[in-house]
Amino acid sequence: MSSRPDDMRLLSKAAPRTVLFSRKAFSLEGRRPFWGWLNAVFNKVDYERIKAVGPDRAAAEWLTRCGAKVRFQGFDRWQHDYNGLPTGPLGRYKIQGIDATDSCIMYKGFDHLDGLQHVEELKLNKSMYIEDACLERISTIENLQASLYKMEVVSCGNVTDKGIIALHKLRSLEHLYLSDLPGVVEKEKTMERLQTALPGLDIELDLV
């Protein structure tokens with residue numbers, strides 16, 4: 001397959017061997033086998049990279065490579081451009097918010113989340129690869145159990161009651177917004193189980 005300058009570009013020196021395709025292109029064509037393969041490549045975990053630049057920088061690279069946004073501690077602006085990620089001393093920038101709207105993040109990339117200690121907000125909106133296993137994985141990460149207090153799960157067609165129930169392990173969760181989740185069919189029972197486990201949790205529902 002020949003390269004097209006308009007659809008790809010070399011990334012910054014932080015990852016000199018990586019090529020980033022236009023996310024708009026693979027998002028629109030995401031159901032085709034090639035784009036599914038490419039999305040899987042974008043989610044591959046480079047453990048040496050995590051050691052070299054720290055978990056927050058490595059996670060920010062993964063998330064923006066997959067079309068998600070990150071917000072760093074002490075900043076209001078959401079970062080979405082891989083090449084625009086701030087540089088500085090190792091550990092200088094800590095991820096506080098993750099917005100995975102319309103992104104291609106998937107389960108195989110979730111090891112990037114293990115070392116994040118400051119994530120307070122997580123949005124999973126229209127994320128085609130998010131499924132129950134992803135929510136279960138998020139719920140078992142000790143750092144997220146301690147720090148995450150606001151979460152959204154919207155228009156993720158592969159999420160069922162099982163995945164939502166798993167969120168009860170996020171002991172610091174204070175606000176949960178759920179909308180357009182056709183796989184959640186036992187709403188009352190599922191919400192009751194969440195409220196029993198997390199009595200202080202504010203659940204906002206927009207489920208049919």
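Below, each value reflects all heavy atoms present in this structure, side chains not excepted, and no hydrogens, waters or symmetry copies.
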- Message: For A58 versus V53, what's the shortest heavy-atom pair and its separation?
- Response: N-CG2, 3.8 Å

- Could you tell me the separation between the CG atom of L63 and the NE2 atom of H80, rounded to the nearest 0.5 Å? 14.0 Å

- Message: Membership question, hydrophobic clusters at under 4.5 Å side-chain separation (ILVMFWY): are V185 and L181 in the same one?
- Response: no

- Message: Are the side chains of L178 and M191 in contact, using a 4.5 Å heavy-atom criterion?
- Response: yes

- If you round to the nearest 0.5 Å, how far is CD1 of I165 from CG of L135? 11.5 Å

- Report the residues that fulfil side chain to side chain contact (heavy atoms under 4.5 Å, CB included) with K108, sequence neighbours left out, ordered by chain and then residue number. A40, N43, M106

- Query: In a check of side chain to side chain donor-acceptor pair (under 3.5 Å) between S155 and each of T101, D102, D180, which one passes?
  - Reply: D180

- Which heavy atom in I95 sits nearest to a heavy atom in G97, and how many Å separate them? CG2-O, 3.6 Å

- Query: Minimum heavy-atom separation for L148 to E121, with atom names?
  - Reply: CD1-N, 3.7 Å

- Item | Non-hydrogen side-chain atoms of V154 and K126 separated by less than 4.5 Å | no

- Task: Answer yes if I98 and F42 sit in the same cluster of Ile, Leu, Val, Met, Phe, Trp and Tyr residues linked by side chain heavy atoms under 4.5 Å apart, and no otherwise.
- Result: no

- Item | Crowding at CD, E192 (>12 non-hydrogen neighbours, <6.0 Å) | no

- Message: I'd like to know if Y129 and I164 are part of one continuous hydrophobic network [Ile/Leu/Val/Met/Phe/Trp/Tyr, side-chain heavy atoms within less than 4.5 Å].
- Response: no

- Task: Could you tell me which residues satisfy salt bridge (Lys or Arg N to Asp or Glu O under 4.0 Å) with K69, sequence neighbours excluded, listed by chain and number?
- Result: none

- Any side-chain heavy atom of V45 sitting closer than 4.5 Å to one from W62? no

- Apply side-chain contact (heavy atoms from CB on, under 4.5 Å) to V184 and T160, showing your working. CA-CA 5 Å; V184 178; T160 72; 5.6 Å; no

- Identify whether L122 and F110 are in the same connected component of the hydrophobic contact network (ILVMFWY, side-chain heavy atoms under 4.5 Å). yes

- Task: Write out all pairs satisfying salt bridge (Lys or Arg N to Asp or Glu O under 4.0 Å) with one or both partners inside residues 136-152, taking only residues at least two apart or from two chains.
- Result: D111-R137, D114-R137, E136-K162

- Would you mind telling me which of L176, L170, L167 makes a side chain to side chain contact (heavy atoms under 4.5 Å, CB included) with L201? L176

- Query: Which heavy atom in G67 sits nearest to a heavy atom in S103, and how many Å separate them?
  - Reply: C-CB, 3.8 Å

- Query: To the nearest 0.5 Å, what is the distance between CG (D76) and CZ (R71)?
  - Reply: 7.5 Å

- Message: Is there a side-chain contact between L116 and N143 in this structure, where contact means two heavy atoms from C-beta onward sitting under 4.5 Å apart?
- Response: no

- In Å and rounded to the nearest 0.5 Å, what is the CG to CG distance from L144 to L113? 6.0 Å

- Message: Measuring only between side-chain heavy atoms, which start at C-beta, is M151 closer than 4.5 Å to L124?
- Response: yes

- Separation of F72 CZ from H118 NE2 (nearest 0.5 Å): 12.0 Å

- Message: Would you say that H175 contacts Y149 through its side chain, given a criterion of any heavy-atom pair below 4.5 Å between the two side chains?
- Response: no

- Item | Intermediate values then yes/no, side-chain contact (heavy atoms from CB on, under 4.5 Å), T87 and R57 | CA-CA 9 Å; T87 58; R57 172 71 194 198; 4.3 Å; yes

- Task: Mind checking the CG-OG spacing from L173 to S147? Nearest 0.5 Å is all I need.
- Result: 10.5 Å

- Task: Mind running side-chain contact (heavy atoms from CB on, under 4.5 Å) on R193 and D161 for me, showing each step along the way?
- Result: CA-CA 10 Å; R193 292 187 63 175; D161 296 88; over 6 Å; no

- Give a yes or no on whether the backbone of A146 and the side-chain of S172 come within a donor-acceptor separation of less than 3.5 Å. yes

- Report yes or no: do L207 and I203 belong to one cluster of Ile/Leu/Val/Met/Phe/Trp/Tyr joined by side chain heavy-atom distances under 4.5 Å? yes

- Might you point out which heavy atoms bring P55 and G115 nearest each other, and give the distance in Å? CG-O, 3.6 Å

- Query: For P86 and Y93, which heavy atoms make the closest approach, and how far apart are they?
  - Reply: CB-CZ, 3.6 Å

